[in-house]
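Working notes, structure below.
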Amino acid sequence: QVQLVESGGGLVQAGGSLSLSCAASGRTFRTYSMGWFRQAPGKEREFVAAIIRTGTITYYADSVKGRFTISRDNAKNTVLLQMNSLKPEDTAVYYCAADRGVVISRRPETYDYWGQGTQVTVSS
């Protein structure tokens, strides 16, 4: 089992940057693909970015491509989401998730473990 704890959320002005971190427990972190999702009030949870076990392949939602970067450090059991050029529409609760599957997925139902989420608010 993997426990995930996100941090780094907050309030930022449009055009600014934030870096989210997800710390994972356990010795099996390197066996999971990792993803970031977000959920705004009244909306469904949506895919943001994902990274495979080795960190060599990443996948982004079109809405964040070129602005967000996902990375991982298997030695430190962490996955990061660097968010630049933030927009008000990026406002949401951001969740880290772990997937035991061998391919990265944008579907939340394929992920096995979830963090509690961290709020990101972008003011205009």
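Because the structure is a prediction, the values reported are computed rather than measured.
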On a heavy-atom basis, the closest approach of Gln119 and Thr91 is NE2-CG2, 4.0 Å
Do side-chain atoms of Asn77 reach the backbone of Gly26 as a donor and acceptor pair under 3.5 angstrom?
yes
> If you group Ile, Leu, Val, Met, Phe, Trp and Tyr by side-chain heavy-atom gaps below 4.5 Å, do Phe68 and Ile70 land in one group?
Replying inline: yes
Ala23 and Thr78 have their tightest heavy-atom pair at CA-CG2, 4.3 Å
Residues pairing under salt bridge (charged side-chain N to carboxylate O under 4.0 Å, His left out) where one sits in residues 65-77, two or more places apart or in two chains, turn out to be Asp62-Lys65, Arg67-Asp90
For Ser124 and Pro88, the nearest pair of non-hydrogen atoms, with its separation, is CB-CG, 3.8 Å
Rounded to the nearest 0.5 Å, the NZ atom of Lys87 sits from the CD atom of Glu89 at a distance of 5.5 Å
Taken to the nearest 0.5 Å, the spacing of Arg106 CZ from Tyr60 OH works out to 13.0 Å
Heavy atoms of Gly115 and Tyr95 approach each other most closely as O-CD2, 3.6 Å
Minimal heavy-atom distance between Val79 and Ser71, with the atoms involved, is CG2-O, 3.1 Å
In short, disulfide (SG to SG under 2.5 Å) pairs touching residues 35-124 with sequence neighbours left out are Cys22-Cys96
Sequence neighbours excluded, the answer for side chain to side chain contact (heavy atoms under 4.5 Å, CB included) partners of Val2 is Leu4, Ala24, Thr28, Tyr32, Tyr113
query = Would a hydrophobic clustering, with Ile, Leu, Val, Met, Phe, Trp and Tyr connected at side-chain separations under 4.5 Å, put Leu81 with Leu86?
reply = yes
Please report, to 0.1 Å, the donor-acceptor pairs under 3.5 Å made by any side chain of residues 41-57, with sequence neighbours excluded.
| residue | atom | partner | partner atom | Å |
| --- | --- | --- | --- | --- |
| Arg45 | NE | Gln39 | OE1 | 3.4 |
| Arg45 | NH2 | Gln39 | OE1 | 3.4 |
| Glu46 | OE2 | Arg38 | NE | 2.6 |
| Glu46 | OE2 | Arg38 | NH2 | 3.1 |
| Arg53 | NE | Thr31 | O | 2.9 |
| Arg53 | NH2 | Arg100 | O | 3.1 |
| Thr54 | OG1 | Thr56 | N | 3.4 |
| Thr54 | OG1 | Thr56 | OG1 | 2.8 |

For Val120, the side chain to side chain contact (heavy atoms under 4.5 Å, CB included) test, sequence neighbours excluded, returns Leu18, Leu20, Met83, Tyr94, Val122
Counting only heavy atoms from other residues, nucleotides and ligands, does the tally under 6.0 Å from CD of Gln3 exceed 12?
no
message = Any side-chain to backbone donor/acceptor pair from Thr121 onto Leu11? Under 3.5 Å, distance only.
response = no
Check: Less than 4.5 Å apart, any side-chain heavy atom of Asp99 and any of Ser105?
Finding: yes
Sorted by chain and number, sequence neighbours left out, side chain to side chain contact (heavy atoms under 4.5 Å, CB included) with Ser19 holds for Gln82
Of all heavy-atom pairs linking Tyr59 and Ile104, the shortest is CB-CD1, 3.4 Å
- Query: Quick one: are Phe29 and Met34 in side-chain contact, heavy atoms under 4.5 Å?
  - Reply: yes
